[in-house]
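Remarks on the structure that follows.
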Amino acid sequence: MPASTQLHAPLKAVLVPLDQVPDPVFAQQTMGPGIALEPLESQLFSPCDGEIVHLARTRHALTLKTDQGCDLLIHLGLDTVDLEGEGITVHVAPGDRVRRGDLLWDFDADLLACRALSLITPLVVTSSDQWRCELMDVPVGRVIERGAALMTLVATSQASPTGKGDGSNNEYREQVTLALAAGLHARPAARLRAIAREHGCTLVLERGEHQADAASLTALMGLSLRHGDTLAVIARGADAAAALGEAAALLTTPEAAEDDPGHGEPADPTPAVVPTKNDTTCYGLTASPGLAVGPLVRPGHSRIEVNADREESAETAERALVQAISTLNDTLVADIDQARRQGRREEADILEAHQAWLDDPALREESLAHIRAGRSAAFAWREVLEGRIIALRQSESRLLAARADDLRDLQERLVALLVPDAAAVGHIEIAPGAIVMFEEITPSQLLALDRVSPAGLCLAGGGTTSHVALLARARGLPCLAAMGAGLIEVMGRHQGGDVILDADNGALIFSPAADQLSEARERIERNRTRAVAEQQMAHEPARTRDDALIEVCANVAGPEEARTAFDAGADGIGLMRSEFLFMAHAQAPDQEMQRESYQQALDSMGTRQVIIRTLDIGADKQLDYLSLPSVPNPALGTRGVRLMARHQALLDVQLRALLSVRPLDRLRIMVPMVCDAAELVAVRERIEVLAREMNLEGRPELGAMIEVPAAAVCADQIARVADFLSIGTNDLTQYTLAMDREDPDLAGRADVLHPAVLRLIDLTVKGASTHRCPVGVCGAAAGDPQAWAALVALGVDELSVEPARVAAVKAGIRRLDRAVLSRALREWLNEPIDSVTLRQRLEQWLSDAPDANTNDRGVSDDAI
Ligand code: PEP
Ligand code: MG
């Protein structure tokens with residue numbers, strides 16, 4: 001009979017399946033299998049007899065070794081580590097023997113509920129290679145009484161300790177088969193190193209005669225471990241059992257393919273959107289409209305010249321190397337932090353792997369040895385890394401070979417720090433007015449680029465609704481996206497030469513003829529003159545030729561942009577994305593910080609209305625401190641209002657901050673990702689409760705975003721309980737067409753002008769009109785050169801666009817005859833029409849539109 005242990009509920013609680021715990025570390029069973037409990041009392045007792053073998057410094061977690069030798073981790077609440085022990089009293093210490101029912105913790109449930117992510121307490125079997133859990137037949141989601149039978153642990157008798165549990169001398173060893181499809185690449189290697197550090201122990205991988213310590217990334221990767229290889233994992237130290245469990249789980253759990261975009265098998269180099277029509281023109285999608293002429297530049301690094309031999313003493317050179325490593329490490333830490341805060345997880349993971357490499361003691365030691373042998377610091381570092389790079393390139397694994405570029409990046413970044421003035425020598429300078437080309441660019445890189453005032457931007461990847469596109473539009477910077485990898489190849493022949501970026505028409509023209517250049521420059525000049533004229537009228541209301549008043553508001557990321565929006569002539573703020581404030585901090589901003597930000601936005605807008613959207617997190621927008629579980633399809637997961645319903649404390653703080661601004665009648669609160677009326681009603685009820693607590697007389701208006709097809713179809717029901725609706729065309733398009741808005745392969749097809757999306761918008765406007773509920777559009781379509789007109793024709797009352805587009809959109813509205821275009825559009829939509837044809841017809845229509853002061857279309861007033 002295998003050994004078994006019975007566990008009993010350590011407190012009265014609601015049972016939560018581990019995979020529903022809102023923390024991926026537990027939900028994905030990275031630590032091991034088990035169950036979670038949502039406490040209904042504030043004392044926790046031992047679930048069985050055993051010994052406390054580990055207690056976290058911050059008292060929020062302990063490991064209990066059962067008398068039969070199974071390690072059980074009990075983690076009080078989620079993210080409770082940040083409380084630094086506040087609100088938690090622990091009654092045991094490492095080494096204590098405990099009996100089932102002995103008190104382990106007293107805790108302040110209210111404090112934990114408000115200050116931590118959740119009170120949910122996982123019980124996890126960390127030695128899962130040796131023990132299997134069998135849950136008792138207790139219904140998940142039901143209340144379980146303290147002491148009731150919870151689960152049985154049954155020994156599978158595999159690995160066993162090779163040392164005795166005497167503290168630091170524990171050594172555990174386990175044979176595993178590598179399940180990582182791409183072999184042991186940089187990211188899991190970095191994770192192994194982190195596991196060793198987290199548990200304060202040594203982790204060694206052994207394959208045949210070769211061993212690699214997890215502290216050295218290059219040593220790990222030097223084992224060239226491939227999928228299916230068998231190897232031994234050896235853990236030494238006090239917490240070795242837990243470390244071994246985590247390391248084995250990491251190595252034996254296949255990675256999700258989408259988890260590893262930058263570090264999976266190299267992508268197919270064939271461009272997704274093959275843009276090259278010929279060698280003189282490349283095509284892409286208009287991420288930000290406009291026309292520009294300038295030299296084409298692709299930023300990159302050329303190799304920095306370094307002296308082989310040092311001129312200074314060995315000590316000075318050694319100090320310089322150590323200092324440069326530390327400086328680069330600080331930069332990486334800051335970049336990782338920023339990437340995480342802004343939800344760019346892949347980027348953060350890649351940088352973390354770079355950081356782990358940088359921290360590799362073997363690289364450092366070998367470099368120092370080279371210095372002592374007479375080499376300069378830069379040469380030593382380059383030499384040592386060169387060896388590793390060559391080894392990686394020669395690896396049979398395409399994946400490892402591809403990682404050589406990462407190591408090269410690290411090599412040259414450090415050299416740049418060691419060689420005075422290297423930056424000026426090693427980087428291609430970007431002069432103001434250049435047209436800059438990137439494969440991909442992150443929002444922070446775009447902001448950095450902003451300093452050199454480029455004239456335009458071309459991206460091989462990206463899409464039209466990405467944050468980069470949004471930032472480019474906000475700056476009025478012409479930008480084409482999804483131009484395909486072919487662009488990079490063509491680019492090589494045109495670097496430095498003048499090009500025409502016609503983002504309005506999706507074209508990048510290489511080697512233009514002199515007359516093309518002068519024609520483009522004239523057009524730019526005409527556009528500039530027209531923009532000046534449009535700007536003069538920007539502060540006036542915009543009425544169509546048939547006298548429909550259309551409000552043109554602005555989308556902003558924060559209060560600073562609200563001032564820009566006001567100056568640009570926006571009639572109000574149609575969307576303030578509050579998530580940017582949350583992304584910019586390592587913790588959720590408190591009520592006062594939020595209030596200040598919201599108040600500043602209202603103050604910047606004079607007497608105009610401001611719509612602030614409640615936190616819209618999930619899918620591509622992540623907050624580290626929320627530790628959202630990793631789900632197979634995050635775009636269809638718990639996000640927007642669904643997420644806030646689960647994080648009531650977070651919602652309450654935000655609502656209180658919003659209710660604190662003055663005057664309240666200029667604030668409108670908007671709720672994202674609403675699917676049905678009940679979700680909005682729930683938020684309204686919460687506002688009511690809080691407003692009463694705050695003794696408020698007035699209430700702000702409350703509206704719903706219509707950005708999922710369900711909401712558009714049920715718009716009449718939602719409009720009944722809403723003060724306004726705002727259509728989020730970015731998400732509405734993605735969900736209607738089942739095309740990821742971030743996928744450059746689909747960017748050319750995910751067009752808001754697809755008849756299905758327009759029909760849903762039509763349905764929304766009609767549904768809202770039955771309750772006289774105003775409808776706006778705050779997705780990118782509102783400022784799209786053709787789509788905005790279709791939206792007006794379908795009857796929306798307000799368009800919310802990037803501040804830089806306000807004047808142009810207002811001018812367009814003044815040229816438009818809404819009723820006439822509406823009739824034409826409905827006729828077109830009755831035909832079997834696609835978005836490309838519809839776009840062409842709208843473009844034609846708009847270019848034929850008369851000037852605001854004439855009626856030269858030839859449409860008789862009778863027809864209107
Ligand atoms: C939208 O989906 O259109 C929208 C405005 O919201 P976001 O782009 O922030 O998801
Ligand atoms: Mg959206």
Side-chain angles (χ1 to χ4, degrees), residues 287-288 342-344 443 462-474 481 553-558 561 565 572-584 610-623 634-644 668-675 679 703-712 715 718 724-743 747 750-754 757-758 760-761 764 775-784 787-788 790-791 796 798-803 805:
S288 172
Q342 295 179 351
R344 291 176 277 117
T464 57
T465 56
S466 67
H467 283 136
V468 166
L470 202 136
L471 290 171
R473 285 197 293 273
C553 297
N555 289 354
V556 296
E561 261 189 73
I573 297 298
L575 166 64
M576 175 157 143
R577 291 177 160 98
S578 67
E579 55 272 16
F580 283 96
L581 178 67
F582 285 72
M583 287 175 179
V610 174
I611 298 180
I612 300 181
R613 178 170 76 181
T614 55
L615 186 58
D616 184 18
I617 284 297
D620 58 315
K621 294 179 237 169
Q622 294 288 331
L623 294 178
L636 302 181
T638 304
R639 52 174 305 195
V641 67
R642 298 172 211 161
L643 184 90
M644 293 303 261
R668 294 179 184 180
I669 299 177
M670 180 157 77
V671 184
M673 299 302 296
V674 169
C675 262
E679 283 173 324
M705 284 197 71
I706 303 293
E707 50 185 345
V708 297
I718 298 174
F724 65 93
L725 302 182
S726 184
I727 304 174
T729 48
N730 305 337
D731 278 315
L732 187 62
T733 306
Q734 114 163 316
Y735 291 123
T736 306
L737 303 182
M739 292 185 191
D740 189 338
R741 59 190 270 187
E742 298 289 329
D743 187 342
D751 193 337
V752 65
L753 290 178
H754 189 292
V757 185
L758 293 182
L760 285 175
I761 293 173
T764 304
V775 181
V777 176
C778 61
D784 174 299
W788 70 265
L791 298 170
V796 306
E798 177 229 302
L799 297 173
S800 190
V801 304
E802 277 74 27
R805 295 279 297 149

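Remember, it's 1-based here, ligands and their atoms both numbered in the order they're listed.
Residue E707 approaches the Mg ion (ligand 2) most closely through its N/O/S atom OE1. The closest approach of D731 to the Mg ion (ligand 2), by N/O/S atoms, is made by OD2.
With rounding to the nearest 0.5 angstrom, the CE atom of M576 is 11.5 Å from the CE atom of M670. Interatomic distance, I761 CD1 to L732 CG, rounded to the nearest 0.5 Å: 6.0 Å. Of the inter-residue distances, the one linking L725 atom CG with T764 atom OG1 reads 7.5 Å to the nearest 0.5 angstrom.
Checked against V757 for a side-chain contact (heavy atoms from CB on, under 4.5 Å), the options D751, T729, L737, I727 give a single hit: L737.
Under a 4.0 Å heavy-atom criterion, Q734 is not in contact with ligand 1.
The Mg ion (ligand 2) lies at 2.8 Å or more from every N, O or S atom belonging to D616.
Under a 4.0 Å criterion applied to the non-hydrogen atoms of G728, ligand 1 contributes the atoms 1 (C), 2 (O), 3 (O). Close contacts of ligand 1 with L575, meaning ligand atoms under 4.0 Å from a residue heavy atom, involve 5 (C). Each of the following atoms of ligand 1 lies closer than 4.0 Å to a heavy atom of D731: 1 (C), 2 (O), 3 (O), 10 (O). Of all the atoms in ligand 1, the ones that sit under 4.0 Å from a non-hydrogen atom of C778 are 5 (C).
If you look at R741 next to ligand 1, the close heavy atoms, those under 4.0 Å, all belong to the side chain.
Summarising the geometry of A780 relative to R473, their closest heavy-atom pair is CB-NH2, 3.6 Å, with the distance given to 0.1 Å. For P634 against R639, the heavy-atom pair with the smallest separation is O-CD, 4.0 Å.
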(request) Could you please spell out the steps behind the side-chain contact (heavy atoms from CB on, under 4.5 Å) verdict for R577 and N555? (result) CA-CA 8 Å; R577 291 177 160 98; N555 289 354; 4.2 Å; yes
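The shortest N or O to N or O distance between R613 and ligand 1 is under 3.5 Å.
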